[in-house]
Amino acid sequence: MNNLDRTELGFIAALPLLIACGLLLPQWIVNYIHVSLGTGLVALGVMVQMRAGLVSFGQGLYFCIGGYAAGLAGRLWGLSDFFLLIALGIAAGLVVSFLLGFLLRRYRRIFYAMLSLAVSMILFGLLSSSEELGSTDGFNLPATSYLGWLPGQSVSGDVLYVATCIPTVICAILLHRFLRSPMGYVGEALRENEIRIEYLGMSARKAVHIIYVIAAVVSSIGGVLWAMALGHIDPEMTNWVTSAQFVFIAILSGIGNVAAPLFGTLLLEFIRVYAVEIAPDSWHIIVGSVMLLIIVFLPRGLWSLVSSNNGLKNKFTHRVKAASEPEGARS
Amino acid sequence: MKNALRKILVGSALGAVALSVPLAAQAQEPVKVGVINFYSGGASGPFGIPAKNAAEVIIEGINAGTIPAPYNSVGIAGARIEPIYVDENSKQKVADFKKLVQGDGAQIVIGYTSSGSCKAIAPVAEEVKALTIFAVCGTPQIFEEVVTEPKYAFRTISHATSDNVGAARYIIDTTPDLASISGINQNYAWGQDSWRDFSAAISKLKEDVEVKTEQFPKIFAGQYGSEISALLTNKSDVVHSSLWGGDMEAFILQGGGRGLFDNSKVVLTVGDTAVERFGKQIADGTVIGARGPYGLLAPDNALNKWFTEAYVARFGAQPVGPSYQTAQALLALKAAADKAGSVAPEDISAALAGLTFEAPSGTIQMALAGGHQAIAGITYGTYKFDEAVGKGTLVDLKEYPAECVNPPAGVKGTEWIEGGLQGAKCN
Amino acid sequence: MLPMLTAIAIIVDGLGFSAWLFLSSVGLTLIYGVMRILNIAHGGFYALGAYSAAWSIGLYSQTGSTIALTFLLIPVAALVAGVVSGLLIERGILRFMYGKDEILMVLVTYAIFLVLEDVTKLIWGTDSYVAYQPAFYFGSIDVLGIPYTVYRFIVIGVAAVVGAALWWALNYTRSGKLLMVVIEDREVSASLGINVTLFFTVTFVVGAVLGAFGGAVAAPEISVTPGIGAEIIVLAFAVIVIGGMGSVGGAMIGAIIVGFARAFSVHVYPPAELFSIYLVMAVVLAFRPYGLFALAEGRKI
């Protein structure tokens, strides 16, 4: 574990902090943090693809596959083990994304978005019309156990929260490593100019395929964690509206750092909660206006606030900023 | 305030018991009650807003003590209700619920329209020990599978089984030469369950009824041209539909324009909301239900009279099914709290289990699931346009008592229907 | 082999549904073609058009005058709703955003859509509006014994006329030809002295009016409720993606494919109706990755 960079150190430092929050803050706030960790991982999956210029409007597909893998294991075989369910979620996401990747890797830009949306909506249709799987009402998960230990009801929430924090942080660190690996930089280059990559002798399609699978696995883990936190799953998880929210979180948070989507998810969750509190009938106006203001004043996302305030002039984030300008002007 | 005082005096004149309660009301802290429904999205018009309107009318009535007997005391067990409205249209329903209970301090929560929400919330309600009264959602699974030994979760309406068993009975009773049925229901849990219950009940009640076509359009599809053609080409005696709200209205317009309603007898299990506004556009002979004895199908009692008048005076529209259902849940809360003389969730739960109480829709018995699930009768009627008044009316009303359309305690709805509706008491 | 009656029903139903789909999605493809904005607020325009038509027809019908004039109210309501909202949004918000990333623009229009939805709700409330008078005015005619409303055939005709008019305007008028230049290359056309900003404004407003018109035409046959805008967005996306984004002809073909796919599944295998559209989209894209009539795009090295 040598050569850890600032982000990784930050994450490792954040873990005890996150756990402390869980034990000290009022439980209802912890609840939002808890569910945001799951959805945050999916937003992270969207963000990883976005780094390569690919926008998935169907990431809910893997969110749902993770959730249903965990849920069905409980429903069919009575499985409730935390580690086993995560492993199942990873396996399901891996298999499906590896196969679908052969189709998706041929697409770019809005067509990638629409095809991923179409695939996720086909799953939505199948789940919604299958009465055996609970149709649109979905079904509940059994309480989570850990290697044979089933915590009592008074502590089960806290235990699950701590158990959720750890894989989230691990996923974030691994993704950060991936983005800094040669393959990660190929993704960057994909967004910039795909043809140049091919001239350099690399396969753009293969790179897209790898990124697609990685994003899918992270999202599946997010789905498993979210399903365990909520205790209930339904096909809404793979509805395009859900997927769109992940895209919006990723864009609003910014793609400069893997921490951004995790923070962004939480922040937007609280904006929504308070918007609902202020105007239960017309909170969409508030959320929509906040989104517009962020786009207008922080076009590189909320993370640009953090990175500039800290004076964190990471060479990498700097490059991303510089790159995003000509990107838009080019079209 | 003055008004409230006068009501207290009236109340005390009516009964000696009532006296001590209103006096306590001045001293007690208000009770926070979460009221959750769809306040945005496609379900807000037909469900959420009418439910919220009813909640406002009833809560105001409870706080002022203006509701007729037996609810003519101020507050619940003397405490005023302070409502907190939360939108059900949210991805994080469970977190929202916990915030309501733990963050905002609402120990009592009323509402929920989607069966999916109810399934997700029921175990959480038990976990955080918040009295939760489901007001609108219909799936029988809540107490049959999700929470089998409820302590804090209640539902004050019958589950959806009774809607469709009632519809099947009405069709059998009014269509002597029934030979074929078809269905058009939305492709989600509610539509699928409704059609399954209805078609199964028909097949048990009468032999050799043929099913011609089963249509499952997407929810909120709005365009039913193809489905109507399919229903017209596969002509059947009866067409069953559990479409609701805008979808149901669009179906009436598109089907009506093409003679579907003259070709077949159409049963609209949630058709009540259309009666007021459509007039001639609904063909005579269409069978209309409301998921309970609500609106035009409601009994003629003092509570209903008060409720309808207060609602119309305030919102200029008739209360619909979800309004009645929400009123029912709030009155159940008041009845139980008054009986317990306390607003602690445990005390109210103990009092509400197995309670029989009055509502604008008649008498409700908390009979199933250890006294946590209500059973109530259901009424269906046939549409007739009244040329003289220029308005639609319902004729040939048939009221089916609770024991006639609900399974006995301990039996699941689907098993009860499949087993031939054993033990139904219809008169 | 399909029975004759079912085959005829599929054709008529498919055409009827396709016409509505085309009217509801052509504005979206026009805006994308010219401005490269995938306009989610399109759903908001659709809802605004539907509400203003249903509301005005309702008000007019109360006067008891002849129903025939309500057919005039439909385009007028769409025009007013589309021009007002389109101008406000383009001049007030979008023009400050031009040149931004395509995906960011999707997000901007999504935010606008959220606001529009609630504004619609604040203006018209949550009660549904029904304005069936025009739909019932001409009654119905039988096609091989199946009654169809005449209104449905009028909608099919209107869709054909709108498609033809757009095609003519784009290919045979001076402004249309200039617009094609703008579509081909924005920078070159600006340097040739074409007022690109004006073209953008006009295109957006026309797109908004078309979106509102789709809603207004549908209004007499449906119940206008909150949320109808959200339903149309994905349908319209599917249509224009299948046809090739930015192509008016493609939108027509896409609408016909989606319309027939739905009619076919309803008559032959109803449970598939829920995802037939997405299945068709996936299949078409699997063979034609950029839709049937994709706009040519230069490769930039």
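Note that the structure is predicted; figures quoted are calculated from it, not measured. The figures here come from the full heavy-atom set of this structure, side chains too, leaving out hydrogens, waters and symmetry mates. Lettering follows sequence order; numbering is per chain, from 1.
- For chain A, no part of C:L116 is nearby; none of its heavy atoms comes within less than 4.5 Å.
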Checklist entry - What do the steps show when you test A:F124 against C:Y278 for ring pair (Phe, Tyr, Trp, His ring centres under 6.0 Å), and what is the final call? => result CA-CA 10 Å; A:F124 177 79; C:Y278 303 103; 8.5 Å; no

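- Interface residue C:A230: only backbone heavy atoms are found under 4.5 Å from chain A.
- Ranking C:P271, C:A282, C:A286 against chain A, the residue ahead of the rest is C:A286, based on heavy-atom pairs under 4.5 Å.
- Contact annotation for C:L107: both backbone and side-chain heavy atoms come within less than 4.5 Å of a heavy atom of chain A.
- Within the structure, every pair that satisfies the salt bridge (Lys or Arg N to Asp or Glu O under 4.0 Å) test and touches residues 224-241 of chain C, not counting sequence neighbours, is listed here: B:K218-C:E231.
- Contact annotation for residues 87-97 of chain C against chain A (heavy-atom separation below 4.5 Å, listed by residue number): C:I93, C:M97.
- Heavy atoms of C:L274 lying under 4.5 Å from chain A belong exclusively to its side chain.
- Considering only heavy-atom pairs separated by less than 4.5 Å from chain A, the leading option among C:D185, C:T126, C:I233, C:V115 is C:V115.
- Each salt bridge (Lys or Arg N to Asp or Glu O under 4.0 Å) pair with one or both residues in residues 243-258 of chain C, not counting sequence neighbours, would appear here, but there are none.
- The interface of residues 54-62 of chain A with chain C, defined by heavy-atom distances below 4.5 Å, comprises A:V55, A:F57.
- Of the possible polar contacts, one joining the C:D118 side chain to the A:H284 backbone as a donor-acceptor pair under 3.5 Å is found.
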